[in-house]
Amino acid sequence: MAKAYMIGAGIGNLSAAVYLIRDGHWDGSNITIMGLEKHGANDGNTVQEFENEFVVANINNARGYINRGGRMLNEETYENLWDIFRSIPSLNAPGRSVTEEILEFDHAHPTHDVGRLIDSLNGVRNNGDNNDYSHMQFNTLDRLLLTKLMMMPESQERSLNDVSIEQWFSSSPHIFTTNFWYMWETTFAFKRNSSAMELRRYMNRMILEFSRINTLSGVTRTPYNQYESLIMPLRAWLEDQGVHFVNNRMVTDFEFKDTRLRDEIVVTALRYRDVDQSGAEAGTQAAEGKIDIEPEDLVFDTNGSITDSTSLGDLDTPVVEDMNYAPSAALWKQAAEHFYDLGHPDKFFGDRSQSEWTSFTVTTNTHMLITDISQITQQHPGNALNTFIDSPELLSLVVHHQPHYKFQKEKEGVLWGYALYPRAVGRYVHKPFIEMTGREMLEETLGFLAAADSRTEGIADHHDEILDSIVNVVPAHMPYASALFNQRSVGDRPLVVPRHSRNLAFVSEFAEMPFDMVFTEQYSIRCAQVAVYRFLGIPVSKLTPLHHYEKDPRVLFNAARTMFR
């Protein structure tokens with residue numbers, strides 16, 4: 001009986017296991033999923049649980065909650081996600097699938113952001129003047145270049161090889177001063193030096209969101225954090241199907257069959273190292289091992305993770321940057337050294353300046369801070385994203401719908417923020433953001449909130465009470481957070497199933513598929529479907545259909561009208 005080995009326990013490989021069982025009629029007992037942690041990029045847990053699950057250095061305060069990042073779903077364009085989770089029962093809503101649970105929650109709590117952009121002089125930019133963020137603020141050349149990029153045929157995508165967004169708009173740098181750019185870069189975590197090729201794909205795939213980017217009304221939120229709302233029910237269903245989970249295991253090397261005459265890719269063994277919860281090897285007997293791969297077996301590799309090499313701090317401890325090369329990319333690199341057409345990992349993991357950012361999670365024991373932010377932004381918790389456009393580090397906040405964790409206490413509050421440029425020196429705390437403690441990151445944030453607060457008795461008057469309410473502030477520096485947007489060329493990412501591969505597939509956002517957009521659960525899950533269907537001989541016509549809103553006249557009309565708004 002054939003077996004499948006999944007390297008990495010993120011949403012892509014979990015979905016590949018579902019496709020094998022649901023559509024390939026495999027027995028779950030023939031599937032093994034190995035990973036160093038349970039979360040992947042869809043994370044969210046208590047700090048204590050993070051400590052228990054994998055190596056956490058530099059944490060002295062193990063209280064409160066942590067999200068390294070937040071994922072915004074989309075009802076219209078996440079076709080594979082909704083399909084896969086229709087097969088997964090909810091853990092919170094008996095008789096409902098996860099898809100039904102999420103969409104029912106979202107329809108009951110629709111996103112409508114009325115405080116998307118904030119600056120120190122004008123507060124929230126929704127006052128109806130020319131700076132109001134409902135205006136995109138394009139000039140004629142901005143519109144021309146953006147339209148040219150979006151309308152470029154896929155056959156000409158090679159002309160964008162290694163071209164940055166800044167290079168594409170070099171004749172009109174004005175675009176980087178517009179409301180559109182402030183909203184786009186902080187909604188999706190693009191930077192000026194990100195890939196123009198990826199921006200083109202986003203403008204096509206997310207064109208439906210272009211006309212409503214100022215309110216983010218297309219954002220679909222999960223009832224709780226993504227780990228509890230997505231990953232936990234997915235793992236629970238797979239465990240019920242008999243799937244084996246091996247936690248704290250790092251696969252370090254592929255062994256390949258010598259097929260130089262036929263140019264085939266055939267994995268014959270996986271070498272691994274087990275790591276215990278404190279980071280030490282789990283005993284001399286079990287520390288290292290090898291799994292023999294039979295000819296009929298399949299291997300699914302997560303060939304890149306945006307949360308690799310994350311560094312954590314706490315309220316009074318800054319992060320100590322982890323300079324290690326991403327482990328998932330190191331395994332990919334080892335495979336690419338054997339075969340010429342498996343891409344170039346260094347394009348994504350060799351230049352941190354293109355991809356790094358720093359996030360922080362605030363836990364409070366009262367709702368004072370969340371209430372103050374709601375009064376400044378004039379929106380309830382759960383209404384997406386607020387960005388301080390004049391902050392040197394480009395600071396953004398997300399106040400989640402409360403509770404954000406199933407077991408969050410009644411009076412506890414949780415919010416999340418991130419700095420897209422963590423090397424920049426703060427305005428209120430005069431040091432690079434990456435060097436700040438959690439307390440200092442909060443002080444920097446409170447400075448911008450106070451500057452934007454027009455109330456007679458505002459957030460500045462509550463400063464000491466807010467500090468007294470803080471349980472923890474956990475910084476998380478992620479050197480590869482936006483690595484999937486790094487400048488690249490066609491061929492830098494391997495195909496999901498390389499042309500001559502007999503049993504190795506790459507299931508991650510660093511594998512190549514046409515049209516679809518990275519930095520989404522949709523991309524990872526579709527990679528999984530493509531890989532499973534290819535190996536099992538299921539026709540391509542059976543793949544989950546994708547919408548093509550970039551060809552819808554009504555959507556294009558709304559987008560064109562928005563360009564002149």
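These numbers were taken from a predicted model, which means no experiment stands behind them. These values consider heavy atoms only, across backbone and side chains, with no hydrogens, waters or symmetry-generated copies.
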K.L.:
Please tell me if the side chains of Phe448 and Asp390 come closer than 4.5 Å, counting only heavy atoms from C-beta onward.
P.N.:
yes
K.L.:
Would you call Arg201 and Glu512 a salt bridge, using N to O less than 4.0 angstrom?
P.N.:
yes
K.L.:
Taking ring-ring contact (aromatic ring centres under 6.0 Å, His included) as the test, write out the residues that go with Phe210, two or more places apart.
P.N.:
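Phe180.
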K.L.:
Is it true that, when you exclude His380 itself, more than 12 heavy atoms of the residues, nucleotides or ligands shown sit nearer than 6.0 Å to its NE2?
P.N.:
no
K.L.:
Taking only Lys NZ, Arg NE, NH1 and NH2, and the carboxylate oxygens of Asp or Glu, determine whether Arg205 and Glu79 approach each other closer than 4.0 Å.
P.N.:
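Salt bridge between Arg205 and Glu79, a charged N being under 4.0 Å from a carboxylate O: yes.
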K.L.:
Taking the basic N atoms (NZ, or NE/NH1/NH2) and the acidic carboxylate oxygens, is any pair closer than 4.0 Å for Arg221 and Asp106?
P.N.:
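Here Arg221 does not pair with Asp106 in a salt bridge, since their nearest N and O are not under 4.0 Å apart.
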K.L.:
Check this for me, if you would: do Glu393 and Lys431 make a salt bridge, where the nitrogen-to-carboxylate-oxygen distance has to be below 4.0 angstrom?
P.N.:
no
K.L.:
Inspect the contact between Asp372 and Arg455 and indicate whether a charged nitrogen and a carboxylate oxygen are less than 4.0 angstrom apart.
P.N.:
yes
K.L.:
Would you mind checking if Arg192 and Glu185 are paired as a salt bridge, meaning a charged N to carboxylate O distance below 4.0 Å?
P.N.:
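No, no charged N to carboxylate O under 4.0 Å.
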K.L.:
According to side-chain hydrogen bond (donor to acceptor under 3.5 Å, both in side chains), does anything in residues 359-368 pair up with another residue at least two apart or in another chain? List the pairs.
P.N.:
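Listed by first then second residue: nothing to list.
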K.L.:
Charged N to carboxylate O below 4.0 Å: is that the case for Arg352 and Glu321?
P.N.:
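Here Arg352 pairs with Glu321 in a salt bridge, since their nearest N and O are under 4.0 Å apart.
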K.L.:
Side chain to side chain contact (heavy atoms under 4.5 Å, CB included) with Leu81: which of Thr99, Thr520, Ile525?
P.N.:
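Running side chain to side chain contact (heavy atoms under 4.5 Å, CB included) over Thr99, Thr520, Ile525 with Leu81 returns exactly one hit, Ile525.
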K.L.:
May I ask you to establish whether Arg143 and Phe564 are in a cation-pi arrangement, using a distance under 6.0 Å from NZ or CZ to the six-membered ring centre and at most 45° from the ring axis?
P.N.:
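Yes; both conditions hold, so Arg143 lies above the ring face of Phe564.
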